[in-house]
Colleague: 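My questions all concern the structure below.
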Amino acid sequence: MSELIDPHPEAEMPHNGEVSLDPLRDAEEGLGGRNRAKVGSARPSSLLYTYGPGAIMDLPNFSVMPAGLGDWEPIWKRRENIPNIIEPRLLDVVRLHLGPQVTALRPFPWQPKKMGTSIEGTDLGIPARVFPQWMRCTGCNLLAPLTRFNYKNTQPFRPDQAQFTHERCPGLRGNNKGSKQGRPAVPAPHLLTCANGHLDEFPYDLWVHRGQKCVKAENPDLQMRDPNLGKSVGSIITCVACRETRGMAEAQGSAGREKLPSLCRGRHPHLEDFDSECDARPAFIMMGASNLWFASTQSIIVMPRSEKEVKEILAAKLRAELGEKRLTRYADDLETLRDVAEGKVDLTQLDDVELSAAVKEALAPAEPDEVRENKRDNWDPTDLLVPEWRYLQKPTLFPQQEDLNGLMVTEVPLSTELHPQIKRVVAVNQMKKVNAVLGFTRLDEMDRVNDLPGRLVKLTRNARPTWIPATEDRGEGIFLQLDLDAVELWEQEIIRSSVWKAHRQSHRRNFARRFSETAEQIDPDLRLPAPRYWLLHTLAHVLIREMAMSSGYGAASLTERIYGWTAGPDRDAAAGLLICTTASDSEGTLGGLVALSAPERLHALVVSALRRASRCSSDPICAVRLPSDPEDFLHGAACHCCSFASETSCERANRFLDRRFLLDLPSANSDNVSGFFGRADAI
C-alpha cells in the first residue's frame, strides 16, 4: 500500500492562505526514529480511481488531498532508478490526449518491505495537503483556518492518531481555564466548485455577513454549530463579535447558488495554484459528495507482443531510462551507449544494427499538434478493445503464449446443455491489466466528448506532464462470446421497437443537459451504445451477481469488460464480455473465478443468473420502467434489486441496462420486445 505524506503543520502561510507543501522535512526526521509525516495509506487501485491528485481523502481526524505530480518529483529523486511501467499501446493513448512530452507510466512511489522490522520504503509516499483548511473545534465550535489549531502526529506506527487540536479550548460553557489536552478539530465540510474543475474553501466570513465586513472586528471569530432541531437543516454559522448568524441550508439548490460568489477564483488546491481566469459560476458542494472528483482513466489488457510492439517497447525503455539528451549524444557511439545503458536496459541480445534502429525509433520526432488533436477528437475508446477482441478470436495463438506475467487463456469446451446463444467460452487463467489516469473532472463524469481538453483538470502546474501514474493489476477471468449472427438479427428487431425509441430519446435529453457546451456540434446518437451493448452489459451484471456467490470473491471485486460494437471500416462486429478480478498489490488471484468456467458449473451458473434476472422485488414497476419526457435516466428495466452493480464493477456507472433485452419479462409483454435468451423458464 502507498503511504500518504502530509505537509508540515507549522509551515509558513503564504499570502493566499495555503500551507506550503514540504513533505520531505518530516519524512527525513522520521527516518531511523519517529515518522511524523505519515498520516495514512491506501491501495494503488483506490489512489487511481477514488483518491488521486485533486480528490479528498477522509482520514480518521482530518482530510487530505493528494498533491499534483510536480510534488512527487522530490520523492522519486530519492531513488537512483525510477521504475516505469512499459506498455506502448496504453502510452500511445496517453500521449494522444496529453501530448508527446509524456514519456513514461510510473507506479506509485512505494517499496515493499522484505522483513517486518525493515525500514525500507519509509522515505517514499504520496505527498498530500491538508484540505479543507478550515476546521471546527469539537469542544467550543470555533470555525477557523488550520493555523489556529495545533498539529499532533507523534506515533510512527499509529498514523490514525494524527490530528489537529484546539489548545486551551474554553468549551461550550466558556471555561477560561480551557482544556489541557486540547479538543480535536474536524474539517469544515462545505466547499465551492465549478464545472471547470476548480475547488475552493467556502467563504464563511463573507457568507455570515452577507458579503460585507464585520462591523465589530476586522477578523472576527466564527462558530459553526449543528442544531439538532426538526425545523432546522444544516449547520449554522455565527460571528462571535457581532452575533450575526446564517444557515448553510441557504446555500443549497439553484436558489442558494444565486447567493454565492458570481465568479470562480480558479483555485486548484492539489497544485497550490490559481488559473488566471474562469468563466464558470461556483456551486456549493459537500466534502464527501460523490461528484466532487471523477477520475478519467484508460486501461488495457497486456497481450502477447508482436514484433513491432517488441521494438516499440525497447524504444520506450531507452527513452524512459536514458532520456533524449543521452540518446542523441551517443546515437553514433553505440559502444558508449551500451555502457551507459548497463543495469538499466538489457542490450546484450541486440546487434549494432538492431540497436541503431531502436535508438532511431526512440528519437523519432512527434507528429504535429494539429495532427494529434485531430486524432484525439476522432478517437474512440473502443480502439483499445479491438486488439483484445481479435486475439480472443484466434485460439490457435493461445498455446504460443509464454509470458507468465501476461495473458494466459484456454479455450473451454461447451456443455451440451449450455444455451445455444453462447458460442464460445474462454478461461482467462492469468492476465495483466495496466491502468493509467489522464486527469479528473468535477461535478460531472468525463464521457470523452469533444470538450475534453477544457474539462479535464491538469495534474501538473504547467498542464503538460512528462509522466503519469499507472498501476499493474494481475488476475483471472472468464470470457463469453455470443452468437454474432443471432445478435445481429435480434439487434435489428430491437432498433425498430418502441423501447429503443424511448431509450434513444432519453439519451438525447441526457446528453444535451450534461454536455450543453458541445451538444450543438455532436450528434448524441453517435454516443449511444448499440442494443448489443445493452444486452452484453445487462448479462455481465447478472453474471457478476451470480458469480459472487460461488467464486470466493465479493461482487465489488469482480469487474466487466464489454466487447460490443457493430462492424466498422477498421473493425469487425463484436459481441462478448469478460468478467475478471484483478489485484494491484499481489502476484495474482486464487483461481476461484476460472474454476467456474468448467462446462457443468458454467451451465448451472448461467441458468441460475438468467432465472434470477427474470424476477425483481420491485416488479412490476421495474419490469415496465421506461424513461419518458422529461425523464432522462439511461436505463430501463433495471434497478438495485436486480441488475445494478457496485461502481467498482461497472464500466458505465450502471447506465445502459435493461432486462427486457436479456429475457422475455412476463409483465413487460406490452412493450413488444424479444429478449435475446427468450423465456427464463425455458432456459
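Being a predicted model, the structure only gives us computed values, none of them experimental.
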Colleague: Salt bridge (charged side-chain N to carboxylate O under 4.0 Å, His left out): which pairs involve residues 412-430, sequence neighbours left out?
Modeller: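 Only E411-R424, K423-D483 qualify under salt bridge (charged side-chain N to carboxylate O under 4.0 Å, His left out).
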
Colleague: Any sub-3.5 Å donor-acceptor pair from W379's side-chain atoms to L96's backbone N or O?
Modeller: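 Side chain of W379 to backbone of L96, a donor-acceptor pair under 3.5 Å: no, none is there.
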
Colleague: Please determine whether the number of non-hydrogen atoms from other residues, nucleotides or ligands lying under 6.0 Å from atom CD of E631 exceeds 12.
Modeller: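 Yes.
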
Colleague: Once side-chain hydrogen bond (donor to acceptor under 3.5 Å, both in side chains) is applied, do any residues pair with R508, and if so which ones, sequence neighbours excluded?
Modeller: D525

Colleague: C580 versus E476: any side-chain heavy-atom pair under 4.5 Å?
Modeller: no

Colleague: Counting heavy atoms not belonging to D570, are there more than 12 under 6.0 Å from its CG?
Modeller: no

Colleague: Is M408 close to V428 at the side-chain level, that is, under 4.5 Å between some pair of heavy atoms?
Modeller: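 They are not in side-chain contact.
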
Colleague: Scan side-chain atoms only and decide if R561 and S299 contain a donor-acceptor pair under the 3.5 Å cut-off.
Modeller: yes

Colleague: So, does S506 use its side chain to make a donor-acceptor pair with the main chain of L634 at under 3.5 Å?
Modeller: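 A pair under 3.5 Å: no.
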
Colleague: Looking at I621, I'd like to know if its CD1 atom is crowded, meaning that more than 12 non-hydrogen atoms belonging to other residues, nucleotides or ligands lie closer than 6.0 Å.
Modeller: no

Colleague: Can you confirm whether more than 12 heavy atoms, excluding those of D92, are under 6.0 Å from its CG atom?
Modeller: yes

Colleague: When you compare the side chain of R527 with that of H507, does any pair of heavy atoms fall below 4.5 Å?
Modeller: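 SC-SC contact between H507 and R527 confirmed.
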
Colleague: Hey, are the side chains of L59 and V64 touching, using non-hydrogen atoms and a 4.5 Å cut-off?
Modeller: yes

Colleague: For residues H537 and F661, establish whether the separation of their ring centroids is below 6.0 Å.
Modeller: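 No.
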
Colleague: Is R257 atom CZ crowded by more than 12 heavy atoms from other residues, nucleotides or ligands, each under 6.0 Å away?
Modeller: yes

Colleague: List the atom of F676, the atom of W490, and the distance in Å for their closest heavy-atom pair.
Modeller: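 Smallest interatomic distance, heavy atoms only, reads N-NE1, 3.6 Å.
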
Colleague: Taking atom types as modelled and ignoring hydrogens, do the side chains of N429 and T410 form a donor-acceptor contact shorter than 3.5 angstrom?
Modeller: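 The answer is yes; a qualifying pair exists.
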
Colleague: Is there a donor-acceptor pair closer than 3.5 Å between any side-chain N or O of R442 and the backbone N or O of G197?
Modeller: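 Such a contact is found between R442 side chain and G197 backbone.
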
Colleague: Kindly indicate whether the side chain of L578, heavy atoms from C-beta on, has any atom under 4.5 Å from the side chain of I301.
Modeller: yes

Colleague: Quick test of your reading of the model: are E388 and R89 salt-bridged, counting only N-O distances below 4.0 Å?
Modeller: yes

Colleague: Would you say the side-chain atoms of S557 pair up with the backbone N or O of T581, donor to acceptor, closer than 3.5 Å?
Modeller: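 Checking the backbone N and O of T581 against the side chain of S557, no donor-acceptor pair under 3.5 Å is found.
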
Colleague: Any Lys/Arg nitrogen of R612 or E546 sitting under 4.0 Å from an Asp/Glu carboxylate oxygen of the other?
Modeller: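 Salt bridge flag = yes for E546 with R612.
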
Colleague: Looking only at atom types and distance, does a side-chain atom of D58 sit under 3.5 Å from a main-chain N or O of S63, one as donor and one as acceptor?
Modeller: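 Side chain of D58 to backbone of S63, a donor-acceptor pair under 3.5 Å: no, none is there.
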
Colleague: Any non-hydrogen side-chain atom of L192 less than 4.5 Å from a side-chain atom of I285?
Modeller: no

Colleague: Less than 4.5 Å apart, any side-chain heavy atom of V425 and any of Q481?
Modeller: no

Colleague: Does K458 offer a backbone N or O that forms a donor-acceptor pair with the side chain of H270 under 3.5 Å?
Modeller: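 Checked: pair present.
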
Colleague: Grab the two heavy atoms, one from I494 and one from W500, that are nearest each other, plus how far apart they are.
Modeller: O-CB, 3.2 Å

Colleague: Please give me the minimum heavy-atom distance between A436 and I468, naming the atom from each residue.
Modeller: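 That would be CB-CD1, 3.8 Å.
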
Colleague: Regarding R532 and E488, does a basic nitrogen lie under 4.0 Å from an acidic carboxylate oxygen?
Modeller: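 A salt bridge links R532 with E488.
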
Colleague: Do you know the tightest heavy-atom contact between I422 and F677?
Modeller: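 That closest heavy-atom pairing would be CG1-CE2, 4.2 Å.
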
Colleague: For P44, is there any backbone N or O sitting under 3.5 Å from a side-chain donor or acceptor partner on T471?
Modeller: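 Checked: no pair found.
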
Colleague: Between D380 and R571, does at least one N-O distance fall below 4.0 Å, as a salt bridge requires?
Modeller: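 So D380 pairs with R571 through a salt bridge.
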
Colleague: For the aromatic rings, using the six-membered ring if either is Trp, is the centroid distance between H635 and F656 under 6.0 Å?
Modeller: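 No, the ring centres sit 6.0 Å or more apart.
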
Colleague: Step through it carefully: locate the ring centre of F644, locate the ring centre of H541, and say whether they are under 6.0 Å apart.
Modeller: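 So the answer is no for these two rings.
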
Colleague: Any donor and acceptor pair, going by atom type alone, linking the side chain of R679 with main-chain N or O of D664 inside 3.5 Å?
Modeller: no

Colleague: Not counting sequence neighbours, which residues clear ring pair (Phe, Tyr, Trp, His ring centres under 6.0 Å) with H603? List them please.
Modeller: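 None.
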
Colleague: Under 4.5 Å between any side-chain heavy atoms of L482 and L539, yes or no?
Modeller: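 Yes. Closest side-chain heavy atoms under 4.5 Å.
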
Colleague: State whether the side chain of S649 and the backbone N or O of L558 hold a donor-acceptor pair below 3.5 Å, judged by distance alone.
Modeller: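 Answer holds: yes.
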
